[in-house]
Amino acid sequence: MKKNYTWILLLLIIALLLGGGTFAYRMLSEMAAPTAPYDTANTLPQSETADAPDFTVYDGDGKPLALSSLRGKPVLVNFWATWCNPCKSELPDLETAFLKYGDKVDFLFVNLTDGYRDTVDGVKAFLEENGYTFPVYYDTDESAALACGVSSIPTTVLVSPEGKLLHTQIGAMTGDTVESLIAMLLAAED
């Protein structure tokens, strides 16, 4: 009989632990939930004199492109991946901006190509399937993401024509946010 009480007590303790853990998880999740899931407006302050970190990425044919080679024109660098839903949510607005401002701003879409979740061929198929025409480069060794301190995606970095770091935007953007970033880039030209 005593053995049955031990099992019942043990099961009761396990049930309390699971119930308490579930309650704590829900409470902490609600406290940590973002207030605007698809336009986080998270920004990092930048020094007006800080040089943008240089890095090299590769086009679909393996040809290298260094960020420093784009001096003379403002640059919007967007770090993204096809498996990232917030990244995919902002791509239509970024495509619109590329078509509208591509003659005034260099757009550098950097895919975090890990060889597993994203491959060069897989990304090319994704772009074709969705009708995107913006220029995509591949960060196959994570050197570009590391150079820019990318810790989550999407992340967008603005670089002045002189190669200065203007702004870093973390999280998915709406069309209005994209427009305001483009305005910031164009103002840097003056």
Side-chain angles (χ1 to χ4, degrees), residues 36 38-82 84 86-114 118 120 123 126-127 132-190:
Y38 290 107
D39 190 12
T40 59
N42 291 324
T43 62
L44 298 178
Q46 306 298 331
S47 164
E48 293 180 19
T49 59
D51 288 331
D54 198 19
F55 57 81
T56 300
V57 288
Y58 301 87
D59 70 10
D61 296 323
K63 181 180 173 188
L65 175 76
L67 177 62
S68 59
S69 71
L70 300 176
R71 295 251 167 94
K73 203 171 176 183
V75 183
L76 183 146
V77 183
N78 180 263
F79 291 92
W80 69 287
T82 62
C84 166
C87 298
K88 293 191 292 188
S89 75
E90 71 180 5
L91 289 179
D93 291 323
L94 288 165
E95 171 74 11
T96 299
F98 167 70
L99 294 173
K100 185 175 179 181
Y101 299 106
D103 59 331
K104 297 177 180 99
V105 174
D106 279 329
F107 286 80
L108 185 60
F109 289 81
V110 179
N111 178 268
L112 302 183
T113 316
D114 61 6
D118 268 359
V120 173
V123 173
F126 170 83
L127 295 169
Y132 294 127
T133 61
F134 48 72
V136 174
Y137 293 86
Y138 301 90
D139 187 13
T140 56
D141 61 3
E142 299 179 11
S143 62
L146 289 172
C148 290
V150 174
S151 59
S152 66
I153 55 173
T155 293
T156 302
V157 177
L158 304 183
V159 181
S160 76
E162 298 78 29
K164 302 294 182 189
L165 195 55
L166 295 175
H167 181 81
T168 300
Q169 180 83 24
I170 301 170
M173 302 177 289
T174 63
D176 290 340
T177 305
V178 173
E179 283 290 327
S180 68
L181 294 182
I182 297 292
M184 187 184 302
L185 277 173
L186 295 176
E189 265 194 316
D190 299 334

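Basis for what follows: all heavy atoms, side chains included, without hydrogens, waters or symmetry-related copies.
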**Item:** Residues that Ser143 engages under side chain to side chain donor-acceptor pair (under 3.5 Å), provided they are two or more places apart
**Value:** Asp141
**Request:** Indicate whether the side chain of Thr177 and that of Thr174 have a donor and an acceptor atom separated by less than 3.5 Å.
**Result:** yes
**Which residues share a ring-ring contact (aromatic ring centres under 6.0 Å, His included) with Tyr101, sequence neighbours left out** = none
**Asked** Counting only N and O atoms by type, is there a donor-acceptor contact under 3.5 Å from the side chain of Thr113 to the main-chain atoms of Asn111?
**Response** yes
**Message:** Once salt bridge (Lys or Arg N to Asp or Glu O under 4.0 Å) is applied, what residue pairs with a partner in residues 172-182 remain, sequence neighbours excluded?
**Reply:** Lys100-Glu179
**Complete:** Taken in chain and number order and not counting sequence neighbours, the residues that satisfy side chain to side chain contact (heavy atoms under 4.5 Å, CB included) with Ala147 are Pro53, Phe55
**Message:** Holding to ring-ring contact (aromatic ring centres under 6.0 Å, His included), I want the full list of residues that pass it with Phe107, two or more places apart in sequence or in another chain.
**Reply:** Phe98
**Prompt:** Under the salt bridge (charged side-chain N to carboxylate O under 4.0 Å, His left out) test, which residues partner Lys88, sequence neighbours left out?
**Reply:** none
**Prompt:** Does Trp80 reach the side chain of Pro86, with side-chain heavy atoms less than 4.5 Å apart?
**Reply:** no
**Asked** Is there a side-chain contact between His167 and Val157, using heavy atoms and a 4.5 Å cut-off?
**Response** no
Compile the donor-acceptor pairs under 3.5 Å between side chains in residues 65-74 and protein atoms, sequence neighbours left out, one pair per line.
from, atom 1, to, atom 2, distance (Å)
Ser68, OG, Asp54, OD1, 3.3
Ser68, OG, Asp54, OD2, 2.8
Ser69, OG, Ala66, O, 2.6
Arg71, NE, Glu162, O, 3.4
Lys73, NZ, Asp103, O, 3.3

**Item:** Point-to-point distance, once rounded to the nearest 0.5 Å, from CG of Leu158 to CD of Gln169
**Value:** 8.0 Å
**Backbone of Val75 reached by a side-chain donor or acceptor of Asp106 within 3.5 Å** = no
**Prompt:** Would a 4.5 Å heavy-atom cut-off, applied to side chains only, mark Leu185 and Lys104 as touching?
**Reply:** no
**Message:** Within the structure provided, determine whether Phe109 and Val123 are in side-chain contact (heavy-atom separation under 4.5 Å).
**Reply:** no
**Item:** Close side-chain approach of Leu112 and Asp118, heavy atoms under 4.5 Å
**Value:** no
**Set of side chain to side chain donor-acceptor pair (under 3.5 Å) partners for Asn78, sequence neighbours left out** = Glu90, Thr156
**Item:** side chain to side chain donor-acceptor pair (under 3.5 Å) partners for Ser152, two or more places apart
**Value:** none
**Prompt:** Can you name the residues that form a ring-ring contact (aromatic ring centres under 6.0 Å, His included) with Phe79, not counting sequence neighbours?
**Reply:** none
**Fill in**
Taken in chain and number order and not counting sequence neighbours, the residues that satisfy side chain to side chain donor-acceptor pair (under 3.5 Å) with Thr155 are none
**Request:** Work out which heavy atom in Pro154 is nearest to a heavy atom in Ala172; give both atom names and the distance.
**Result:** CG-N, 3.5 Å
